[in-house]
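One structure is given here, and the rest of the page talks about it.
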There are 2 protein chains.
Amino acid sequence: MVTLAEVAQHAGVSASTVSYVLSGKRSISATTRQRVEQSIRELGYHPNAGARALASNRSNIIALMVPLRTDMYVPVMMEIAIAVATAARTHGYDVLLLTGEEGPDAVRRVTGSGLADAMILMDVQLEDERLPLLRGSGQPSVLIGLPADASGLTCVDLDWTATGALCVEHLAGLGHRDVAVVGEAPAVYERHTGFAERTLEGLRSRARAAGVRLLHRACEGGYDAMAVTLARILEERPGTTGFVVQNESAVEPLLALLRQQGRAVPEDVSVVAICPDQVAVQASVRLTSVAIPAQEMGRHAVEHLVAKLDGRGGDEVVLLAPELTVRASSGPAPAAS
Amino acid sequence: MVTLAEVAQHAGVSASTVSYVLSGKRSISATTRQRVEQSIRELGYHPNAGARALASNRSNIIALMVPLRTDMYVPVMMEIAIAVATAARTHGYDVLLLTGEEGPDAVRRVTGSGLADAMILMDVQLEDERLPLLRGSGQPSVLIGLPADASGLTCVDLDWTATGALCVEHLAGLGHRDVAVVGEAPAVYERHTGFAERTLEGLRSRARAAGVRLLHRACEGGYDAMAVTLARILEERPGTTGFVVQNESAVEPLLALLRQQGRAVPEDVSVVAICPDQVAVQASVRLTSVAIPAQEMGRHAVEHLVAKLDGRGGDEVVLLAPELTVRASSGPAPAAS
DNA sequence: AAATACTGTCGAAGCGCTTCGACAGCCTAT
DNA sequence: ATAGGCTGTCGAAGCGCTTCGACAGTATTT
């Protein structure tokens, strides 16, 4: 293992000079700099992470806490995680992957040990037990998701309320008067996941304003669960002509079931999905959808975190505006029978 | 930030004693141990990761390199990543998330800086440019995936050759004589990803042995691409009654297309998928499938890595035996028309 | 020409921990 | 009783880096 001292000796300068070349914190003459850089290259020197962290009190690591459960949105999580890792690297940070398993303890551990300089939390609940700790620790952090009380915290999220409203607006504009919402698994609502509840809120309030009857049903996803859910929806509201689906694993089953029942999409029934674009275009019918901008959320989170670490910018809630893309799954409501 | 020295003072012992209590590397009397542990709790002490890494030359971090591209198997990747993180924690390790983006440089960086004690590589190509580096670095590592030359390396993977064989065997046993394989995206084959090529090998050799005609087509996935692929398959082999699908995003489109063409599953056509169980049971037809044991692979990788770090066990190739679960998508071949 | 301000470099201290050798006190075997 | 072996604890060195203050040398100002 090559050390700073060896580089210094090889270049004929002192260790501190090499350090300053590396960090740029003091001016160094061009000739010295070049000589040092040359030595670094020749020797294949890499600064030792531990020593650096100890001396500078900075680890250059960002902790990313992902949910352990894989009952929802796996590809979205993955996309965010990769976006975070990639964005972090462009700022010289590495990413430590924490699973939700340890829960709040992980926050304590990472904060206490100086393992990471900052944290990004995903899958935030409305009342999340990690938040008091985070507020108390003084550790820079960004949430992906929006808790009930965001004071003193920086959050990045899609504007789910607006997302819900947008879906209803689209369907209402096409003349649909009975709209059913196929939601996430019941467990998601039970643990008061912000995005699910907010979407519902947006759906409902816009439905009220637009005179649309709205029926919401949680759904586990998968073919069988969707079959049951659909049957119950149609029993209760036989005149349903519009569907909003916020559950990736219910989309394809729903389309299959509708087809099977002889309901044509979009002629008889319109479907709007809330899902990543990739899912929307790969479905058996190109779906009109509101995209979940996973990459953008990950990138935003990192940018804000880095800003905080650099002493720029403070707490803030960033809500990304939803965008609805019209594809082949939605059209005018059929003439009332 | 509480330090070792403060704990020592609080407990009325020397710093080294506290250190030995923590590491258990020397015997400590019960009373002293308890007093120290008490102080640690009272003060809320957490060892500083950087200092520890510097002094012990061990970071207690495992680097996990995941592919950047998300063109395949995203949920599988995520599941492996989470399994790795979880398993690593039970051994006292944290996981650093590296994306493939940096490529071989990431290996150099992590190895050189002592950021991580070991690496796990995913998405290994048959001829992977990271491998020579890894061999040279002497850094303990485990691959998830199997390169062409595994000498001097530890690898964990599903036995894809056997997986392919198993699929054909199942269909052949049911009397199918014309089997089509819907594979991964062409790019996956072009970059010589081990699992894809090995599966094909297994499919082909067993088909030959069983007298089954096999037609393989790469497929991007998604509805449109699957439609084109299916049309070409049926044009070339109109008598096809069995399908093997190794592409998550082609499964549901294929089922939809078959339905649409009036081909009943499993009466007219049998489908065997290679996918995680969760996908198989959530599909619109419960799929006969060979499971991809993501969790198990992640766990195995960590166990082997930890063994290496502890000086136990050496290089080894672990191939997990595939298991085929019969569900509702496969049945006897229809009587020849 | 003297005073002042930069610029570029160095030496040394110190970050918080692990670990080695030393050693005091005690127990066991001769 | 004495040598030898354990046990439990301590002090000190050192891991590789950053950073502060010092300072020599040169440039700028008065």
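Naming: A, B, ... by sequence-line order, numbering from 1 per chain.
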Atom-to-atom span, [atom1] of [X] to [atom2] of [N] - whole angstrom:
X        : N       : atom1 : atom2 : value
Arg58(B) : dG16(D) : CZ    : P     : 16 Å
Asn57(A) : dC17(C) : CG    : C1'   : 14 Å
Leu54(A) : dT18(D) : CG    : C1'   : 10 Å
Leu22(B) : dT18(C) : CG    : P     : 6 Å
Leu4(A)  : dC15(C) : CG    : P     : 19 Å
Gln9(A)  : dC10(C) : CD    : P     : 13 Å
Tyr20(B) : dG8(D)  : OH    : P     : 14 Å
Arg52(B) : dG16(D) : CZ    : P     : 18 Å

Which nucleotide in [options] has an atom nearest any side-chain atom of [X]:
X        : options                   : value
Thr17(B) : dT9(D), dT18(D), dG16(D)  : dT9(D)
Asn48(B) : dG16(C), dG11(C), dT19(C) : dG16(C)
Ala55(A) : dC17(C), dC10(D), dG14(C) : dG14(C)

Evaluate the salt bridge (charged side-chain N to carboxylate O under 4.0 Å, His left out) criterion for residues Arg89(B) and Glu101(A): first the C-alpha distance (whole Å), next the side-chain angles of each, then the deciding distance (0.1 Å), finally the verdict. CA-CA 10 Å; Arg89(B) 280 304 305 147; Glu101(A) 195 187 30; over 6 Å; no
Is [X] close enough to [N] that one of its side-chain N or O atoms is under 4.0 Å from OP1 or OP2 there?
X        : N       : answer
Arg26(A) : dT19(D) : no
Thr3(B)  : dG16(C) : no
Ser56(B) : dT18(C) : no
Lys25(B) : dT18(C) : no

Please classify the nucleic acid contact of [X] as base, sugar-phosphate, or nothing, using heavy-atom distances under 4.0 Å.
X        : value
Ser19(A) : base
Thr32(A) : sugar-phosphate
Ser29(B) : sugar-phosphate
Ile28(B) : sugar-phosphate

Using modelled atom types and a 3.5 Å cut-off, is there a donor and acceptor pairing between side-chain atoms of Asp310(B) and backbone atoms of Arg312(B)?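 No.
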Glu6(B) backbone acceptor or donor facing Gln9(B) side chain under 3.5 Å: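 No; zero donor-acceptor contacts below 3.5 Å.
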Under the side-chain hydrogen bond (donor to acceptor under 3.5 Å, both in side chains) criterion, do Gln38(A) and Glu42(A) qualify, and how do the steps go? CA-CA 6 Å; Gln38(A) 176 68 17; Glu42(A) 278 182 32; 2.7 Å; yes
Test for a donor-acceptor pair under 3.5 Å between the base of dG11(D) and the side chain of Ser16(B), counting only N and O atoms.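 Under the 3.5 Å cut-off, the side chain and the base do form a donor-acceptor pair.
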If we count only N and O atoms by modelled type, under 3.5 Å, do the side chains of Tyr93(A) and Arg58(A) hold a donor and an acceptor together?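 On atom types as modelled, these side chains qualify, holding a pair under 3.5 Å.
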